[in-house]
Amino acid sequence: MRAFTLVLAVSAGFITPVANAAPAPSELPNEASAMAAARKFDKPVKVSGLTTEATETIANPNGKMTFIQSLKPERAKCGDKWVPVDTKLRKHSDGLIRPEAAVVDLQFAGAGKDKPLALVPRTASRWV
């Protein structure tokens with residue numbers, strides 16, 4: 001009888017099956033949304049807007065924030081995503097040799113005359 005009542009309640013729309021529920025987000029852009037999601041899903045949520053090369057901020061279900069800081073960069077910004085630092089040098093299709101993911105956009109000349117040996121950005125738009 002209980003199984004029949006449960007099936008009737010689900011089919012009538014009184015109970016929403018858990019399978020239709022949205023998954024808990026792993027990170028959100030600001031403290032307010034991350035804290036709300038952490039409480040709602042009872043899971044920690046990263047605050048992506050506060051992430052840097054060496055820091056992360058996490059909203060916890062208990063209403064507190066956790067700040068994690070490392071002494072060296074652990075992630076680099078690639079486009080709009082944070083990826084783990086990877087300083088292994090590789091030759092790319094443009095002929096330049098550079099790390100896959102580094103905090104500084106360092107580039108080495110692959111081959112050819114009249115090319116600088118290395119390029120290091122002085123600012124975001126000027127190379128040295």
Tell me the salt bridge (charged side-chain N to carboxylate O under 4.0 Å, His left out) pairs involving residues 22-34, sequence neighbours left out?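 Listed by first then second residue: nothing to list.
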Pairs in or reaching into residues 54-68: which pass salt bridge (charged side-chain N to carboxylate O under 4.0 Å, His left out), with residues at least two apart or in two chains? K46-E56, E56-R75
Determine the minimum heavy-atom distance between [X] and [Y], stating which atoms define it.
X    : Y   : answer
A101 : C78 : CB-SG, 4.0 Å
T51  : W82 : O-CZ2, 3.3 Å
P25  : A37 : CG-CB, 3.8 Å
S48  : P29 : OG-CA, 3.2 Å

Share the residues that join [X] in a hydrophobic cluster, the rule being Ile, Leu, Val, Met, Phe, Trp or Tyr side chains under 4.5 Å apart at the heavy-atom level.
X   : result
M65 : M35, V47, L50
I68 : I58
V45 : L28

Within the distance-only criterion (no hydrogens, no angle test), does the side chain of N60 pair as donor or acceptor with the backbone N or O of N62 below 3.5 angstrom? no
Which residues share a salt bridge (charged side-chain N to carboxylate O under 4.0 Å, His left out) with D80, sequence neighbours left out: none
Going by the rule salt bridge (charged side-chain N to carboxylate O under 4.0 Å, His left out), which residues pair with D42 if we only count those two or more places apart in sequence or in a different chain? none
Nearest 0.5 Å, what's the CG-CZ distance between L106 and R98? 10.5 Å
Just jot down the side chain to side chain contact (heavy atoms under 4.5 Å, CB included) partners of [X], sequence neighbours excluded, or say none.
X    : answer
T52  : T55
A24  : F41, K43
A102 : P99
S70  : A54, E74

List the steps and the verdict of side chain to side chain contact (heavy atoms under 4.5 Å, CB included) for V104 and V120. CA-CA 8 Å; V104 176; V120 181; 4.1 Å; yes
Side-chain contact, heavy-atom cut-off 4.5 Å: L89 with F108?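 Yes, at least one pair of side-chain atoms sits under 4.5 Å.
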Who are the side-chain hydrogen bond (donor to acceptor under 3.5 Å, both in side chains) partners of E100, not counting sequence neighbours? H92
Would you find more than 12 non-hydrogen atoms of other residues, nucleotides or ligands less than 6.0 Å from K77 atom NZ?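 More than 12 heavy atoms, drawn from other residues, nucleotides or ligands, come within 6.0 Å of this atom.
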